[in-house]
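Just below is one structure, and these are the notes that go with it.
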Amino acid sequence: MTRVLLTGAAGFIGGHILDAAREADLDVVAVDAMLESAHGPAADAEGITDLDVRDKDALVDALRGVDVVCHQAAVVGAGVDAADAPAYASHNDYGTAVLLAAMYEAGCSRLVLASSMVVYGEGRYVDSSGSTVVPGPRSRADLDAGLFDNRDPETGEPLDWQLVEEDSMLDPRSTYAASKLAQENYASAWAIATGGSVVALRYHNVYGPHMPRNTPYSGVAAMFRSSLELGRAPTVYEDGKQARDFVHVHDVAAANIASISAEPDGFTALNVCSGHPITIGEVATILADARGGPAPEITGRYRAGDVRHIVASSRRAQQTLGFSAKIMPREGLTAFADAPLRDAEGTGPPRV
């Protein structure tokens, strides 16, 4: 029986992976640092050991007999402001480095890493002739004027988005994104140095039951849900036409189980997505309609560092893992409108 160390096992995604792993009859060692910013003050910790991945000695003990590590532990989300940077660097970057060192010491050579679409920054774009164009960050002057689309630096014409492939340029544009790319870089270097195997799963917009409620460290789908529960209109930034790929957490768990069974050589990055792009405005409308309103409010406001469009190709994950999402966004979001959420609201930023 395959023995798996699952970090972040009490988290939103980690909890679903834990359930799926147990259903797959895997022998799971479940650990979590139990941060209130992720779980709330009363997280379900049954069968989960309180362990911080920055504690190397505890990790080495937990890794005895482990065949593969499924590393979900991380500080996630957009955060509040630049003051959150030390928490991201400590938990995500340093924590992953400590985990990799402990794996080396314990003789464990296989890692499944929770990465993110944010490592791409902006997605892929082409101009009117079909040529690829790499846009720079959108200017505040354009955003203030309500000009949200990326434009060709030479002609000023709006660019059309394309599906992101795993070999697309990596260009993190937030503290969280920088930390996720750092995790990938540490894991890739570790694989080269040790001959180990890494599958880095670049999650796109994950949603589903037991997401944390309205918090800067959660996702936009949960924020919309939280507003609707209070009888308030979901507030949509920009013009609501930002394209994303929303993937259900049950599909994310399935991708992790498939990765635990796979043994590709070296470092392999894979998009985990539904393969069906949807706009942020459509997400808000689906949730509002499913709950009987109120209708979304398109604010025209923006957040510095947000990207315009990021949608992905699911081809490589299907070829490598045999993984394809089963739950499409409209179906999944309609069900999510009444799904249970976890109470992590108001617990403050993660501790360093």
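Values in this document were obtained by computation on a predicted structure and should not be read as measured data.
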For [X] and [Y], work out which heavy atoms get closest and say how close.
X: Gly266; Y: Ala191; answer: C-CB, 4.2 Å
X: Lys180; Y: Ala114; answer: NZ-O, 2.7 Å
X: Ala102; Y: Leu59; answer: CB-CB, 3.8 Å
X: Arg124; Y: Ser168; answer: CD-OG, 3.3 Å
X: Leu228; Y: Arg291; answer: CB-CD, 3.8 Å
X: Pro209; Y: Phe12; answer: O-CE1, 3.2 Å

Contact check, side chains of [X] and [Y], non-hydrogen atoms, under 4.5 Å:
X: Leu26; Y: Leu6; value: no
X: Val53; Y: Val98; value: no
X: Tyr88; Y: Asp93; value: no
X: Val75; Y: Tyr176; value: no
X: Val220; Y: Val283; value: no
X: Met103; Y: Ser109; value: no
X: Val126; Y: Val133; value: no
X: Val272; Y: His204; value: no

With sequence neighbours left out, what residues match [X] under side-chain hydrogen bond (donor to acceptor under 3.5 Å, both in side chains)?
X: Thr279; answer: Glu282
X: Arg3; answer: Asp27
X: Lys241; answer: none
X: Asn185; answer: none

Is it the case that one hydrophobic cluster holds both [X] and [Y], taking links as side-chain heavy atoms less than 4.5 Å apart, direct or via other members?
X: Val249; Y: Val247; answer: yes
X: Val31; Y: Leu99; answer: yes
X: Ile278; Y: Val252; answer: yes
X: Val311; Y: Phe323; answer: no
X: Leu100; Y: Leu201; answer: no

Do the side chain of [X] and the main chain of [Y] share a donor and acceptor less than 3.5 angstrom apart?
X: Asp52; Y: Ala33; value: no
X: Arg110; Y: Ala262; value: yes
X: Trp161; Y: His309; value: no
X: Ser197; Y: Asp265; value: no
X: Ser131; Y: Asp127; value: no
X: Gln242; Y: Phe148; value: no
X: Thr49; Y: Leu51; value: no

Out of curiosity, [X] [atom1] to [Y] [atom2], how far, rounded to the nearest 0.5 Å?
X: Asp245; Y: Asn271; atom1: CG; atom2: CG; value: 8.5 Å
X: Tyr186; Y: Ser188; atom1: OH; atom2: OG; value: 13.0 Å
X: Met223; Y: Arg213; atom1: CE; atom2: CZ; value: 14.0 Å
X: Leu181; Y: Asn92; atom1: CG; atom2: CG; value: 12.0 Å
X: Leu111; Y: Ser259; atom1: CG; atom2: OG; value: 10.5 Å
X: Ile327; Y: Leu333; atom1: CD1; atom2: CG; value: 10.5 Å

**OP:** Check side chain to side chain contact (heavy atoms under 4.5 Å, CB included) between Asp167 and all other residues, then give those that pass, not counting sequence neighbours.
**Re:**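 In terms of side chain to side chain contact (heavy atoms under 4.5 Å, CB included), with neighbours along the sequence ignored, Asp167 is linked to Glu165, Arg316.
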Subject >> Residue list, side chain to side chain contact (heavy atoms under 4.5 Å, CB included) with Asp19, at least two apart or on another chain >> reply: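 So Asp19 forms no side chain to side chain contact (heavy atoms under 4.5 Å, CB included) with any residue.
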Subject >> Step-by-step side chain to side chain contact (heavy atoms under 4.5 Å, CB included) determination, Val307 to Arg244 >> reply: CA-CA 10 Å; Val307 299; Arg244 297 291 189 272; 3.8 Å; yes
Subject >> Co-members of the apolar cluster containing Met169 [side chain, <4.5 Å] >> reply: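 Traced through the cluster, Met169 reaches Val134.
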**OP:** Determine which pairs satisfy side-chain hydrogen bond (donor to acceptor under 3.5 Å, both in side chains) with at least one residue from residues 61-74, sequence neighbours left out, and list them in order.
**Re:**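 Non-adjacent pairs meeting side-chain hydrogen bond (donor to acceptor under 3.5 Å, both in side chains): Thr7-His71, Asp61-Arg64, His71-Thr96, Gln72-Tyr203, Gln72-Asn256.
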**OP:** Provide the full list of side-chain hydrogen bond (donor to acceptor under 3.5 Å, both in side chains) pairs with a residue in residues 317-334, sequence neighbours left out, each pair given once.
**Re:** Arg315-Gln319
**OP:** Under the side chain to side chain contact (heavy atoms under 4.5 Å, CB included) rule, what do Asp57 and Val60 come out as? Steps first, then yes or no, please.
**Re:** CA-CA 5 Å; Asp57 291 340; Val60 171; 5.6 Å; no
**OP:** Sorted by first residue and then second, give each salt bridge (Lys or Arg N to Asp or Glu O under 4.0 Å) pair with at least one member in residues 129-150; sequence neighbours left out.
**Re:** Arg138-Glu238, Asp149-Arg308
**OP:** Any pair with a residue in residues 98-126 that passes ring-ring contact (aromatic ring centres under 6.0 Å, His included), sequence neighbours left out, goes on the list, sorted by first then second residue, please.
**Re:**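 Listed by first then second residue: nothing to list.
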Original post:
Please, which pairs that meet ring-ring contact (aromatic ring centres under 6.0 Å, His included) have at least one residue in residues 245-269, sequence neighbours excluded?
Top reply: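 Only His16-His250, Tyr207-His248, His248-His250 qualify under ring-ring contact (aromatic ring centres under 6.0 Å, His included).
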**OP:** Kindly indicate, with the supporting measurements, whether the criterion side chain to side chain contact (heavy atoms under 4.5 Å, CB included) is fulfilled by Val112 and Val4.
**Re:** CA-CA 10 Å; Val112 178; Val4 180; over 6 Å; no
Original post:
Is Glu229 salt-bridged to Arg225, cutoff N-O under 4.0 Å?
Top reply: yes
